[in-house]
Chemist: 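Please read through the structure below; I'll follow up with questions.
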Amino acid sequence: MPLTHSTAVKISIQNQDFNLQDEVNLLEQDNAVDGAVVTFTGRVRNKNAGLTVSGLYLEHYAGMTEKSLEKIIIQAQKRWQIGRVAVIHRIGQLVIGEQIVFVGVTSMHRQDAFAAAEFIMDYLKVQAPFWKKELTEQGEKWLEAKQSDSKQAQQWDS
Amino acid sequence: MPLTHSTAVKISIQNQDFNLQDEVNLLEQDNAVDGAVVTFTGRVRNKNAGLTVSGLYLEHYAGMTEKSLEKIIIQAQKRWQIGRVAVIHRIGQLVIGEQIVFVGVTSMHRQDAFAAAEFIMDYLKVQAPFWKKELTEQGEKWLEAKQSDSKQAQQWDS
Amino acid sequence: MTIKVVFFAALREQLDCSEISIAANEVQTVADIKTKLAHKNEHWQQVFSNGALLSAINHDMVTSDNRVKADDEVAFFPPVTGG
Amino acid sequence: MTIKVVFFAALREQLDCSEISIAANEVQTVADIKTKLAHKNEHWQQVFSNGALLSAINHDMVTSDNRVKADDEVAFFPPVTGG
C-alpha cells in the first residue's frame, strides 16, 4: 500500500519478515524532497547474558502497541523535521539472525533522520509493550529489562 | 563475496544500484554477535537551491576515494565498538529518486552503530573526493560545497 | 459494571491467567485493583509484590494512583523488552 | 624526474585539462606548483586564484606547504560534494 503525504506513518506488527529495500522504497515513493533515509534493524543475537540462545518468542499487547508507537512517532515529529516514518516489529517465534524490528525515517536533513530514528528506537525499547522469551540451552526464559535502556531513553530529556 | 572477520570493511565505488537488504544481509552474514544494524541511504532529490533538478552526474578521484573512506572508517572503529562497515557510493549519471550512497554499520550496541554511521557520513561529505554536477532546468551546474557540512564534521572534534 | 483486567508475558504465566473481570464499584484506582488481586491468595499476593510491574489503562501507560471506571481495560505487565 | 598533476570536476572543466606533468626540480611544495601553474597564462592565473581549492599528494589531503618530490601524484580540486 503506497504511503501518501496524509499517511506518512506506517506501523506494522507482523509475524512475517520484512525487506529493507522494499520498506525504504515505500518511504521514498513519490517523496523526492527527502534525500536522506536512516534505518535501524534489530536481529536475534546468538548470545545473551552468557547463554547460547537458539531463538526468541515475542509477545505483545495488541492495541496498546500501536498506540504507544504512534505516540513515540508524534514526539519525534515534534522534535525534528522529518518526512515519513515506518516502524515494523515482528512477533511470534524467531530464530538466530532473523530480523526483529525495523525503524525507517526520511528527512531533508540527515541529522534529523539519524536523531529521530535513534529516539524512536530508544523509546520503543522502554514504552512499547513487547516481551521477549529466549529459548536457551537451559530452557525458556523471559528477558529482563535492561537499566541501560531506561537511561538511554531518559537522555533525550536532558 | 562474503565478509569475513578479517575483511569486516566493504568499500565500493560503482555505477550500478545496490540493494539495501542484500547489503545488510552481507553485513550480518555469519555475524550473530551484532544485533544492531544502522544504515544511511542518500537519494537524488528533485530540488536544490530552488532549482528543479532532473538528475546528477557524479565524478570521483579513483584511488583517493577508497583511501579516504578507509581512513574515515578506521577513525570510526577507534571511537566506537562496531562490527562491520559497508560504504557504497555510486558514480556516473543518476536520475531523481535514485540511490546515491549507502553506509551500513553493525554493532552489539545500537548507540555505537548510530553514532558511527552518522560520523562516517559526516566525514564522507567533507573528505571523500566526489563531486556532483546537477542537471537542472537552467543547464548543468557543479554543486557548491555547503558550509553546514563542514560544521557538522567539526562537531565530532568537540 | 465491570473492569476488564489483562496480564501479559511472565506475569500472565506466573498467574496462569490472561484476563479477569472485577466489579467497578469495588475499586477507585489502579492501586486498588492491585490490592484486590493480591488478596485472592498467597500466590497472587507474592506475584503482585513485584514492584517493577507496569500498568496501563485503555492502552496508555499509567501510574498506580490513576483512577479507573467501569468498562476500562486495565493491564498489568513486566517491564517491556522489545526491539 | 617529473611530478604528475591532476585536476578534477569544475576545476578540470575550467582549465579544460585533466592532467599535466611538471619538472620535479622546479618545485618544492604544493604552493610552488600552484604558483607555477598560475603563471602559465591569465586564464590559469584566474582559476588558481580560487582560495577554496583543495590539494592532495598521493591520495592524501594536504595543505599548500606540504613538500613534493619526483613521482608524486599531486591533485587539485574544488571542495568535495559527494554523499
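Protein chains get the first letters and strands the later ones, always in sequence-line order, with residue 1 at the start of each.
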Chemist: Count the heavy atoms of every other residue, nucleotide or ligand shown that sit under 6.0 Å from CD of Q16(A), and state whether that count exceeds 12.
Modeler: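 Result for CD/Q16(A): enclosed.
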Chemist: So if I take each residue of residues 52-67 of chain C and look for any heavy atom under 4.5 Å from a heavy atom in chain A, which residues do I end up with?
Modeler: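 Within residues 52-67 of chain C, near chain A: A56(C), N58(C), H59(C), D60(C), M61(C).
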Chemist: Can you tell me if T81(C) uses its side chain to pair, donor with acceptor, with the backbone of A145(A) under 3.5 Å?
Modeler: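 No, T81(C) side chain to A145(A) backbone: no donor-acceptor pair under 3.5 Å.
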Chemist: Would M64(A) and F77(C) count as a side chain to side chain contact (heavy atoms under 4.5 Å, CB included) if you check the C-alpha gap in whole Å, the side-chain angles of each, and the deciding distance to 0.1 Å?
Modeler: CA-CA 12 Å; M64(A) 178 167 173; F77(C) 45 78; 3.9 Å; yes
Chemist: Measure the CZ-CH2 distance between F8(C) and W142(A) for me, rounded to the nearest 0.5 Å.
Modeler: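 Reported value, rounded in 0.5 Å steps: 10.5 Å.
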Chemist: Check whether K67(A) gets within reach of chain C through its side chain, its backbone, both or neither, counting any heavy atom under 4.5 Å.
Modeler: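 The answer is the side chain of K67(A).
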Chemist: Check each atom of K146(A) against the heavy atoms of chain C and say whether the ones under 4.5 Å are side chain, backbone, both or neither.
Modeler: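 Nothing of K146(A), per the 4.5 Å heavy-atom cut-off to chain C.
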Chemist: Can you tell me which portion of I100(A) sits under 4.5 Å from chain C's heavy atoms? Options are side chain, backbone, both or neither.
Modeler: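 Side chain of I100(A) only, per the 4.5 Å heavy-atom cut-off to chain C.
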Chemist: Flag yes if more than 12 heavy atoms outside E98(A) fall under 6.0 Å of its CD atom; otherwise flag no.
Modeler: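 Atom CD in E98(A) is packed in, count exceeds 12.
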Chemist: Counting heavy atoms not belonging to E137(A), are there more than 12 under 6.0 Å from its CD?
Modeler: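 Counting neighbours around CD of E137(A), more than 12 heavy atoms of other residues, nucleotides or ligands fall under 6.0 Å, so yes.
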Chemist: Is E66(A) close to chain C through its backbone or its side chain, or both, or neither, when contacts mean heavy atoms under 4.5 Å?
Modeler: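 The answer is neither part of E66(A).
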Chemist: Taking only heavy atoms into account, what residues of residues 71-79 of chain A are found under 4.5 Å from chain C?
Modeler: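 Only K71(A) of residues 71-79 of chain A have a heavy atom under 4.5 Å from chain C.
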Chemist: I'd like to know whether CD of Q28(C) has more than 12 heavy-atom contacts from other residues, nucleotides or ligands below 6.0 angstrom.
Modeler: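 Not more than 12 within 6.0 Å, no.
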Chemist: Using modelled atom types and a 3.5 Å cut-off, is there a donor and acceptor pairing between side-chain atoms of K132(A) and backbone atoms of G83(C)?
Modeler: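 Present.
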Chemist: Out of H60(A), R90(A), E59(A), Q127(A), return the one with the most heavy atom pairs under 4.5 angstrom to chain C.
Modeler: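 It is E59(A).
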Chemist: Hey, does the side chain of W131(A) reach the backbone of P78(C) with a donor-acceptor pair shorter than 3.5 angstrom?
Modeler: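 Checking the backbone N and O of P78(C) against the side chain of W131(A), a donor-acceptor pair under 3.5 Å is found.
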Chemist: Using a 4.5 angstrom heavy-atom cutoff, name the option from Y61(A), F40(A), Y57(A), F130(A) with the most pairs to chain C.
Modeler: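 Looking at each option in turn, the highest pair count goes to Y61(A).
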